[in-house]
There are 2 protein chains.
Amino acid sequence: MSHEHNHLQEALDTLKETGVRITPQRHAILEFLIQSMTHPTADDIYKALEGKFPNMSVATVYNNLRVFREVGLVKELTYGDASSRFDFVTTEHYHAICEDCGKIVDFHYPGLDEVEQLASHVTGFKVSHHRMEVYGTCPECTINKEVH
Amino acid sequence: MSHEHNHLQEALDTLKETGVRITPQRHAILEFLIQSMTHPTADDIYKALEGKFPNMSVATVYNNLRVFREVGLVKELTYGDASSRFDFVTTEHYHAICEDCGKIVDFHYPGLDEVEQLASHVTGFKVSHHRMEVYGTCPECTINKEVH
DNA sequence: TTATTACATTGTAATCTTTATAATTAGTGT
DNA sequence: ACACTAATTATAAAGATTACAATGTAATAA
């Protein structure tokens, strides 16, 4: 049984447990998010599925991404650019973002608990979580630059 | 001589060096950004200055924030919400963000050089910088919650 | 000083992402 | 299969940001 299949099944179970109906559209959006190695925008998802669902509304994509976010299946990533990207939640990881081509690559690093503690101490906040990304140039774009 | 005055003078010098004209609008936007302890949106700035510049266009605010970003005077902060916030660049610092009221508080922490190095190693990226924020509840909002 | 040129500002329209709304359709439990 | 409720669709609306053309203003050179 593939990892993708596992993830999908677990996601569907989560939906059932939380009383969220499993519709063909939701199934397809989840499936696409899980198999997608990129971190797609709502519009990416909409375009990717319009072959299978010619009548699907873009509102459906947004609605369901919100639902998935609310039950914890999906994280919304907001970078500087115009639209949010969506990431199926598996294990904790951080992102490296290429400033030339926009590619997003996952990398693992132990959680920055110490930072959260210090921040909590100096600001008085009750800290719930954090976000962190590194920015730079991916190997492909580095090569392209060297050629020119 | 106050810190604010220093910052403003340095910022104006930077503009001169990079050949960016110093207009009354630019002067006012910089002044407002420096003295502002909040991290204002473009619209905040527009509203704050419409008393002094009744004819200023919102496009001017956006144009100049872009210019300031390009010469490194200002950082654009993009969180999940609708509009970007702008932060005058002084010393390196991170942000703690209140999920209840939206307040943003600065805190200092040694740069996460180790994270950048590991990310660079596992992804092959040439890492130029990173961003990190912690999210939680500020002291005021924590009190408000306890009361209820 | 004056003319010239390049850059800034203004006002407005356009674009783009996301959300709201109302009507229709489709899942789910009995 | 029925009834109930939620989801989908289509469309409009909202909000942030950008594009563009016309006007204004600062720097430069004659």
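Throughout, protein chains are lettered first and strands after them, A, B, ... in sequence-line order, and every chain is numbered starting at 1. What you see is a predicted model, and the numbers here were worked out from it, not measured in a lab.
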Residue list, side-chain hydrogen bond (donor to acceptor under 3.5 Å, both in side chains) with Gln9(A), at least two apart or on another chain: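 With sequence neighbours excluded, Gln9(A) shows a side-chain hydrogen bond (donor to acceptor under 3.5 Å, both in side chains) to Asp13(A), given in chain and number order.
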
Taking ILVMFWY side chains as joined if any heavy atoms are under 4.5 angstrom apart, and letting links pass through other members, which residues group with Tyr94(A)?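 Noted: Tyr94(A) shares its cluster with Val105(A), Phe107(A), Tyr109(A), Leu112(A), Val115(A), Leu118(A), Val122(A), Phe125(A), Val127(A), Met132(A), Val134(A), Tyr94(B), Val105(B), Phe107(B), Tyr109(B), Leu112(B), Val115(B), Leu118(B), Val122(B), Phe125(B), Val127(B), Met132(B), Val134(B).
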
Min side-chain heavy-atom separation [X]-[Y] under 4.5 Å:
{"X": "Val20(A)", "Y": "Arg26(A)", "result": "yes"}
{"X": "Leu8(B)", "Y": "His27(B)", "result": "yes"}
{"X": "Thr23(A)", "Y": "Thr60(A)", "result": "no"}
{"X": "Leu33(A)", "Y": "Leu73(A)", "result": "no"}

Nucleotide N/O of nucleotides 16-23 of chain D paired with protein N/O under 3.5 Å:
unit_1	atom_1	unit_2	atom_2	d
dT17(D)	OP1	Ser84(B)	N	3.1
dT17(D)	OP2	Tyr62(B)	OH	2.3
dT17(D)	O5'	Tyr62(B)	OH	3.4

Find the distance [X]:[atom1] to [N]:[atom2] and express it as a whole number of Å.
{"X": "Phe53(A)", "N": "dT9(D)", "atom1": "CZ", "atom2": "C1'", "result": "14 Å"}
{"X": "Arg26(B)", "N": "dC7(C)", "atom1": "CZ", "atom2": "P", "result": "11 Å"}
{"X": "Glu50(B)", "N": "dT9(C)", "atom1": "CD", "atom2": "P", "result": "17 Å"}
{"X": "Asp81(B)", "N": "dT19(C)", "atom1": "CG", "atom2": "C1'", "result": "15 Å"}
{"X": "Ile29(A)", "N": "dA7(D)", "atom1": "CD1", "atom2": "C1'", "result": "11 Å"}
{"X": "Asn55(A)", "N": "dT11(D)", "atom1": "CG", "atom2": "P", "result": "11 Å"}
{"X": "Tyr46(A)", "N": "dT19(C)", "atom1": "OH", "atom2": "P", "result": "16 Å"}
{"X": "Met56(B)", "N": "dA8(C)", "atom1": "CE", "atom2": "P", "result": "16 Å"}

Residues 77-84 of chain A side chain polar contacts: donor-acceptor under 3.5 Å, at least two apart:
unit_1	atom_1	unit_2	atom_2	d
Thr78(A)	OG1	Arg131(A)	NH1	3.1
Tyr79(A)	OH	His95(A)	ND1	3.3
Ser84(A)	OG	Glu76(A)	OE2	2.7

Determine, stepwise, if the pair Lys126(B) / Glu99(A) fulfils salt bridge (Lys or Arg N to Asp or Glu O under 4.0 Å). CA-CA 10 Å; Lys126(B) 283 195 174 157; Glu99(A) 293 177 304; over 6 Å; no

Give me, pair by pair, the N or O atoms of the protein and of nucleotides 23-30 of chain C that are less than 3.5 Å apart, along with how far apart they are.
unit_1	atom_1	unit_2	atom_2	d
dG27(C)	N2	Arg21(A)	NH2	3.2

Mark yes when over 12 heavy atoms from residues, nucleotides or ligands other than His93(A) sit less than 6.0 Å from its NE2; otherwise mark no.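 More than 12 within 6.0 Å, yes.
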
Over 12 foreign heavy atoms within 6.0 Å of NE2, His129(A):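 Enclosed: over 12 neighbouring heavy atoms sit under 6.0 Å from NE2 of His129(A).
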
If you fit an axis to the five pairs at each end of the helix from dT1(C)-dA30(D) to dT30(C)-dA1(D), how big is the angle between those two axes, to 10 degrees?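 End-to-end axis angle for the helix from dT1(C)-dA30(D) to dT30(C)-dA1(D): 40°, rounded to 10°.
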
If you apply the rule side-chain contact (heavy atoms from CB on, under 4.5 Å), what do you find for Leu30(B) with Phe88(B), and how did you get there? CA-CA 8 Å; Leu30(B) 277 177; Phe88(B) 184 77; 4.1 Å; yes

